[in-house]
Amino acid sequence: MMEIIVIGTGNLGFNLCKAIENQYVIKDSAFAKAKCKNVKNTLKLIGYYNTSATRLASLQAPLLDSITSLPKADLIIIATPDDYITSVSKSLNTDAIVAHTSGSVDLQAVSNRNNYGVFYIPQSFSRSREMNFEELPVCLEYNNDIAQKGLETLGNCLSSKVTYLDSEQRGRLHIAAVYMNNFVNHCYTKADEILSDANIDASLLYPLMNETLAKAQELSPYEAQTGPARRNDVQTITKHLEALKTNDRAMYDAITNSIKNTYGN
């Protein structure tokens with residue numbers, strides 16, 4: 001059984017802790033096929049640490065009170081903000097595999113350990129929404145066979161979609177994820193503000209939201225693009241800019257120009 005400690009219980013760390021405690025081996029995963037059976041309880045969360053010293057009632061594992069004197073473990077996952085990864089790794093007194101969960105931080109951030117790696121999940125996590133880890137891609141990077149075996153065991157116990165990406169590839173994936181998730185969600189927020197100011201029910205645009213995603217997946221985002229910027233409809237663009245709040249015009253203009261440049265308008 002692999003014994004695991006998670007450091008950091010933000011949105012990702014919390015969901016990872018929950019997934020480890022609720023884990024089961026996916027019956028069609030590479031790990032299960034190698035074992036020729038559906039193995040349960042392959043992982044054990046033996047503790048978690050957070051700087052606020054806050055115990056999480058939904059977890060059975062204990063809250064650990066010191067990052068410098070952690071119990072013996074096979075794998076330690078650093079799920080802290082990016083700026084703290086290296087300092088946390090350096091403060092650990094352990095022979096365990098150490099891996100961080102960042103999309104944009106290089107593998108070398110934890111290279112002070114003997115066995116180290118990255119366990120990156122390109123997904124947006126929230127405490128209020130429980131994720132089905134089986135459907136989530138897990139992107140691994142590691143420095144040797146020991147780290148590879150440990151991280152692949154964790155990945156295959158939680159997900160059916162485990163792949164290897166080096167630091168440069170993972171960084172590119174993270175940039176793409178920021179565009180696809182963070183920027184798009186901010187556009188949703190601005191759209192919601194516009195509708196709210198006009199006393200319009202936001203649900204009127206939910207079918208459009210769903211169709212945008214469906215078309216992008218079925219065709220391609222490039223082929224699915226429509227709208228005034230794609231058509232170079234100058235009068236409509238000007239009218240929109242005049243109707244927007246002053247602080248929102250730069251964002252509309254920047255996206256419009258990006259679309260125009262993409263399609264040569």
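For the numbers below, each heavy atom of this structure counts, side chains included, while hydrogens, waters and symmetry mates do not.
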Does Thr68 offer a backbone N or O that forms a donor-acceptor pair with the side chain of Ser91 under 3.5 Å? no

In this structure, are over 12 heavy atoms from other groups packed under 6.0 Å from Arg172 atom CZ? no

Between Leu136 and Asn132, does a side-chain contact (heavy atoms from CB on, under 4.5 Å) hold up when you go through it step by step? CA-CA 7 Å; Leu136 302 183; Asn132 180 2; over 6 Å; no

Min side-chain heavy-atom separation Thr163-Gln169 under 4.5 Å: no

If Ile, Leu, Val, Met, Phe, Trp and Tyr residues are connected whenever their side-chain heavy atoms lie under 4.5 Å apart, and connections chain through other members, are Ile175 and Val178 in the same group? yes

What closest approach, in Å, do Lys72 and Glu3 show between heavy atoms, and which atom pair accounts for it? O-OE1, 3.9 Å

Mark yes when over 12 heavy atoms from residues, nucleotides or ligands other than Asn182 sit less than 6.0 Å from its CG; otherwise mark no. yes

Using a 4.5 Å cut-off on heavy atoms from C-beta on, say whether the side chain of Ile194 contacts that of Leu244. yes

Say you draw a straight line from OG of Ser124 to CG of Asn185; how long is it, rounded to the nearest 0.5 Å? 7.5 Å

Is it true that atom CG of Asp197 has more than 12 heavy atoms of other residues, nucleotides or ligands lying nearer than 6.0 Å? yes

Would you say the side chain of Cys17 lies within less than 4.5 Å of the side chain of Leu56, judging by non-hydrogen atoms? no

Exactly one of Tyr116, Tyr164, Phe119 clears ring-ring contact (aromatic ring centres under 6.0 Å, His included) with Tyr142, and that residue is Tyr164

Closest heavy-atom contact between Leu173 and Cys139? CD2-SG, 3.8 Å

So does Tyr84 have more than 12 non-hydrogen atoms from other groups sitting under 6.0 Å from OH? no

Honestly curious: do Val118 and Val98 fall in one hydrophobic cluster under the side-chain, below-4.5 Å linking rule? yes

Determine whether a donor-acceptor pair (N or O, by modelled atom type, separation under 3.5 Å) exists between the side chain of Thr238 and the backbone of Val234. yes

Just wondering, are more than 12 heavy atoms of other shown residues or ligands nearer than 6.0 Å to NZ in Lys260? yes

Side chains of His240 and Thr256 in contact at under 4.5 Å (non-hydrogen atoms): no

Pair Leu158-Leu16, side-chain contact (heavy atoms from CB on, under 4.5 Å): steps then yes or no: CA-CA 9 Å; Leu158 299 181; Leu16 192 54; 3.9 Å; yes

Closest non-hydrogen atom pair, Tyr252 against Pro228: OH-CG, 4.3 Å

Is Ile76 close to Thr94 at the side-chain level, that is, under 4.5 Å between some pair of heavy atoms? yes

Would you please indicate if the ring centroids of Tyr48 and Phe14 are separated by under 6.0 Å? no

So, for Ala79 and Gly13, which heavy atoms are closest and what is the spacing to 0.1 Å? CB-CA, 3.9 Å

Can you tell me how far apart OG1 (Thr153) and CG (Leu43) are? Round to the nearest 0.5 Å. 8.0 Å

Value for CG (Leu107) from OG (Ser102), rounded to nearest 0.5 Å, stands at 11.5 Å

Quick one: does Asn261's side chain have a donor or acceptor within less than 3.5 Å of a partner on Asn257's backbone? yes

Are the side chain of Ser159 and the backbone of Lys161 linked by a donor-acceptor contact shorter than 3.5 Å? yes

Can you hop from Leu154 to Ile146 via hydrophobic side chains spaced under 4.5 Å? yes

Let me check something: do Leu213 and Met180 share a hydrophobic cluster, defined by ILVMFWY side-chain heavy atoms less than 4.5 Å apart, either directly or through other members? no

Scanning both residues in full, the closest heavy-atom pair of Ala61 with Ile46 reads CB-C, 4.2 Å

Roughly how far, to the nearest 0.5 Å, is the NZ atom of Lys44 from the CD1 atom of Ile20? 13.0 Å

Could you check whether any side-chain N or O of Arg170 sits under 3.5 Å from a backbone N or O of Leu165, counting only pairs where one atom can act as donor and the other as acceptor? no

State, yes or no, whether a side-chain contact exists between Leu92 and Ile7 at a heavy-atom distance under 4.5 Å. yes

Taking atom CG of Asn93 as the centre, does the number of heavy atoms from other residues, nucleotides or ligands within less than 6.0 Å exceed 12? no

Within the 4.5 Å heavy-atom criterion, are Leu151 and Leu75 side-chain neighbours or not? yes

For the pair Val88 and Val110, evaluate side-chain contact (heavy atoms from CB on, under 4.5 Å) and give the outcome as yes or no after the intermediate values. CA-CA 9 Å; Val88 168; Val110 288; over 6 Å; no

Any donor-acceptor pair under 3.5 Å from His100 side chain to Val105 backbone: yes

Could you state whether Val6 and Ile67 fall into the same hydrophobic cluster, counting links through intermediate Ile, Leu, Val, Met, Phe, Trp or Tyr residues with side-chain heavy atoms under 4.5 angstrom apart? no

Please find the pair of heavy atoms, one from Thr262 and one from Tyr222, that lie closest to each other, and give the distance. CG2-CE1, 3.7 Å

Is there side-chain contact between Ser111 and Asn143, with at least one heavy-atom pair below 4.5 Å? no

Out of curiosity, Arg127 CZ to Ser58 OG, how far, rounded to the nearest 0.5 Å? 8.0 Å

Please check if the side chain of Asn181 supplies one atom and the backbone of Ala177 the other of a donor-acceptor pair under 3.5 Å. no

Just wondering, more than 12 heavy atoms not from Glu193 lying within 6.0 Å of its CD? yes

Taking Glu21 first and then Lys18, would you say they form a salt bridge - that is, a charged N and a carboxylate O separated by under 4.0 Å? no

Rounded distance (nearest 0.5 Å) linking atom CG of Leu140 with atom OH of Tyr120: 13.0 Å

Member of Asn50, Thr54, Asn15 meeting the side-chain hydrogen bond (donor to acceptor under 3.5 Å, both in side chains) criterion with Thr9: Asn50

For the backbone of Leu208 and the side chain of Thr212, can you confirm whether one donor and one acceptor N or O come within less than 3.5 Å of each other? yes

Can you check side-chain contact (heavy atoms from CB on, under 4.5 Å) on Thr101 and Ile121, steps first, answer last? CA-CA 7 Å; Thr101 58; Ile121 305 173; over 6 Å; no

Side chains of Asn115 and Asn144 only: does a donor on one sit below 3.5 Å from an acceptor on the other? yes

